[in-house]
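Here is the structure we will look at, set down as structure tokens.
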Amino acid sequence: MGLELVTKLREMTGAGISDCNKALKESNDDIDKACQWLREKGMASAVKRAGRTAKQGLVYSYIHGAGTLGVLAEVNCETDFVAKTDDFQNLVKEISMQIAAMSPMYVSREGVPAEVLEAEKTVYKAQLKEEGKPEKAWDKIIEGKIEKFYSMVCLYDQTYIKDASGKTTIKDLVNEKIGKIGENIVIKRFARFKLGEE
């Protein structure tokens, strides 16, 4: 059963044999917990690589349907070698499909202009006042609403459209790939075009 589990975990995560063995050992052969362990390991390795320069990569174009919706995305990695791998190219395609489906406005929360954030907070305050919520609770409620706002408009914060569980964000997806490939990966910029939209 051990080898079957390792093989299954490798297929699910793309992680190496030794990492799969260790993950299964750490999680008492619970495949879901092993996946989580590998994901966390990927996150840790992503944090370590975050400072490294990513100047290579791909500019990828994705056209949906009969040419009524298109995405142009730039995703960077550290080396030209990685940029040519199927793993990296598939990730860029998934990111482009996410942009097409979910219409993010910004790559990350750092890219949201301060005035946009302030305008959101003003709207939330007015809503809370209208609803008669106690003023001392406003800050906490607004904080939650801002997190929800980020999850809708920021690509990194959006839930990955192909994750049925609704738990994986695009940032998680990128971090998993960083852990697997061993290079820093950065979504640099994107543009989304829909026929008839200004």
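All residue numbers refer to positions in the sequence shown, counting from 1. These numbers come from the heavy atoms of this one structure, side chains and all, not from hydrogens, waters or symmetry mates.
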Flag yes if [X] and [Y] sit in one hydrophobic cluster, no otherwise; membership is Ile, Leu, Val, Met, Phe, Trp, Tyr, and two members link when side-chain heavy atoms are under 4.5 Å apart.
X: I99; Y: F88; value: yes
X: L58; Y: L72; value: no
X: F190; Y: F193; value: no
X: I146; Y: M105; value: yes
X: L155; Y: V112; value: no

Query raised in the report: Heavy-atom count around M152 CE within 6.0 Å, excluding the residue itself: above 12?
Result: yes

Query raised in the report: Crowded around E115 CD? As in, over 12 foreign heavy atoms under 6.0 Å?
Result: yes

Report task. I would like to know whether Y156 and V174 meet side chain to side chain contact (heavy atoms under 4.5 Å, CB included); could you show each step before the answer? Result -> CA-CA 9 Å; Y156 272 121; V174 170; 4.2 Å; yes

Query raised in the report: With no hydrogens and no angle check, is any side-chain donor or acceptor of W138 less than 3.5 Å from a backbone partner on K133?
Result: yes

Query - Pair Q158-S151, side chain to side chain contact (heavy atoms under 4.5 Å, CB included): steps then yes or no - result: CA-CA 5 Å; Q158 286 185 341; S151 75; over 6 Å; no

Report task. Starting from the C-alpha separation in whole Å, work towards a yes-or-no answer on salt bridge (Lys or Arg N to Asp or Glu O under 4.0 Å) for K177 and E94. Result -> CA-CA 12 Å; K177 204 58 79 175; E94 291 299 315; over 6 Å; no

Looking at side-chain heavy atoms only, is the closest gap between [X] and [Y] below 4.5 Å?
X: Q98; Y: K93; value: no
X: I187; Y: I170; value: yes
X: L69; Y: I63; value: no
X: M97; Y: H64; value: no
X: D163; Y: I161; value: no
X: I95; Y: V75; value: yes

Side-chain donor-acceptor pair under 3.5 Å between [X] and [Y], yes or no?
X: Y60; Y: E74; answer: no
X: D172; Y: T169; answer: yes
X: E78; Y: Q56; answer: no
X: T79; Y: E183; answer: yes

Requested in this report: Kindly indicate, with the supporting measurements, whether the criterion side chain to side chain contact (heavy atoms under 4.5 Å, CB included) is fulfilled by L128 and I142.
Outcome: CA-CA 9 Å; L128 293 170; I142 288 170; 3.8 Å; yes

Query raised in the report: Between SG of C77 and CD1 of I181, what distance do you get to the nearest 0.5 Å?
Result: 7.5 Å

Query raised in the report: Just how far is it from atom CD of E143 to atom OH of Y124, taken to the nearest 0.5 Å?
Result: 12.5 Å

Requested in this report: Could you give me the CA-CA distance, side-chain angles and deciding distance for D139 and I141, then say whether side chain to side chain contact (heavy atoms under 4.5 Å, CB included) is met?
Outcome: CA-CA 6 Å; D139 286 349; I141 296 168; over 6 Å; no

Requested in this report: Go through the steps for K84 and D80 under the test salt bridge (Lys or Arg N to Asp or Glu O under 4.0 Å), then give the verdict.
Outcome: CA-CA 7 Å; K84 291 175 181 168; D80 188 39; 3.1 Å; yes

Query - Working for side-chain hydrogen bond (donor to acceptor under 3.5 Å, both in side chains), residues Q89 and D87 - result: CA-CA 6 Å; Q89 292 183 9; D87 266 343; over 6 Å; no

